[in-house]
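All remarks here apply to the structure that follows.
The residues of the chain are indexed from 1 along the displayed sequence. Both counts, for ligands and for their atoms, begin at 1 and track the order of listing. All heavy atoms count here, side chains included; hydrogens, waters and symmetry mates do not. Please read these numbers as outputs of a predicted model, since none were measured by experiment.
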Amino acid sequence: MADETVISNLKKSFEDTFGAPAELVCFAPGRVNLIGEHIDYNGGHVFPCALTLGTYGAARRRADRTVRMASANFPEAGVTEVSLDDLAYRKEDGWTNYVKGVIWAFAKNGYACENGFDFMVSGTIPNKSGLSSSASLEVLTGETMMEMFSFDNDQIHNALFGQQAENQFVGMNCGIMDQFASAMGRKDKAIFLNTATLDYSYAPVVLKDAELIIVNTNKPHELTDSAYNERRSQCEEALAILKKAKPIKALCDLTPDEFDEVKHLLTDDVLLRRARHAVTEDARTVAAVKALDAGNLEEFGKLMDASHVSLRDDFEVSCRELDILAEEAWKIPGTIGARMTGGGFGGCTVNIVKSEAVPEFIERVGNAYKEKVGYEASFYRAAIGDGPHKVDG
Ligand code: GLA
């Protein structure tokens with residue numbers, strides 16, 4: 001569906017549901033991470049970009065302290081109503097917990113809403129694809145409040161408040177990458193972000209005669225938050241041990257050579273592999289950004305492949321479906337690089353594929369996947385888009 005259609009349908013549903021037209025419509029993007037996975041909570045470098053896919057939100061201020069929320073994607077869920085004075089997390093409130101969490105985080109940081117609002121969202125990110133529909137919803141909620149209540153807040157803090165909502169309200173211990181990529185996205189650019197300092201720069205994604213292809217495993221949803229939080233605590237355990245030998249603040253403070261000097265301290269094989277992933281992934285990310293800058297796409301692709309292997313074998317966040325997609329992609333001569341992207345356990349791969357090989361890529365990877373997994377994968381040509389903005393009103 002074209003985005004204009006999504007916006008006009010959203011405005012109509014808003015008016016039908018809440019009985020008055022929306023005051024404004026905003027958008028915030030999802031993201032795809034090119035390289036630098038599971039190191040945004042280890043002080044590492046990441047290299048994501050915002051997508052043109054994302055979440056739209058229509059809103060209207062209210063005179064009282066009620067917030068009413070509805071989603072065009074889940075019409076059966078109806079309207080969820082809460083008071084600004086009772087913003088508790090409730091499992092049964094589903095996606096609206098992200099909105100409540102952001103309102104809560106803004107208030108905690110000095111941006112309290114005096115009045116409630118009606119809010120209807122409509123997302124274009126495939127559900128459970130690992131392309132950060134939740135971060136886009138958080139950043140959208142922040143953007144909408146900033147526009148509607150003239151909050152003098154910047155996008156970096158919009159991202160930080162979104163992360164705080166997710167960590168402290170929803171209970172998912174994510175790093176800053178997804179919210180930062182959404183809030184700070186820029187058309188045709190990837191963001192090279194140092195997650196230890198939040199220093200960042202934009203890098204043009206120049207793929208010459210190649211394209212960015214996202215492939216969705218379409219793996220049915222499973223609960224991954226607990227496995228994610230477990231990886232994070234394993235990294236913290238490994239860090240506590242290595243700190244005894246080196247004055248480091250985060251695992252990614254170590255170069256691969258420095259890690260080799262101290263790795264014998266990690267007598268638990270699981271902790272050793274988790275830490276090795278973090279250290280080597282950071283080095284790969286820094287090298288990949290240099291390679292892209294030098295126009296060396298082949299090298300960038302090789303580092304993507306190595307990232308997948310490390311996530312599969314050392315960090316153990318891949319799954320059979322993602323491995324099949326990556327391995328089938330590697331077999332095709334026109335594939336420059338292929339890896340899982342995002343948290344893992346399902347979701348998507350990101351691939352750089354020569355334009356002339358894209359039809360063959362879709363056919364061969366698609367057929368092999370269907371044969372081995374039993375259902376189809378979906379293919380998208382990724383377009384890199386801008387960060388949050390008002391689209392109407
Ligand atoms: C999820 C988290 C991010 C990041 C990635 C893995 O998307 O939300 O903070 O840790 O996983 O790189």
Under the side chain to side chain donor-acceptor pair (under 3.5 Å) test, residues paired with Y111 that sit two or more places apart = none
Could you check whether the rings of Y202 and Y200 sit parallel, tilted or perpendicular, using 30° and 60° as the cut-offs?
-> perpendicular
The single option from T124, I214, I125 that satisfies side chain to side chain contact (heavy atoms under 4.5 Å, CB included) with L51 is I214
For K263, the side chain to side chain donor-acceptor pair (under 3.5 Å) test, sequence neighbours excluded, returns D260
In the hydrophobic clustering that connects Ile, Leu, Val, Met, Phe, Trp and Tyr at side-chain heavy-atom distances below 4.5 Å, which members other than V309 occupy its cluster, ordered by chain and number?
-> W330
For ligand 1, the residues whose heavy atoms come within less than 4.0 Å (ordered by chain, then number) | R31, E37, H38, D40, Y41, C174, G175, M177, D178, Y228, G342, G343
Do S307 and E281 have side chains that get closer than 4.5 Å, going by heavy atoms?
-> yes
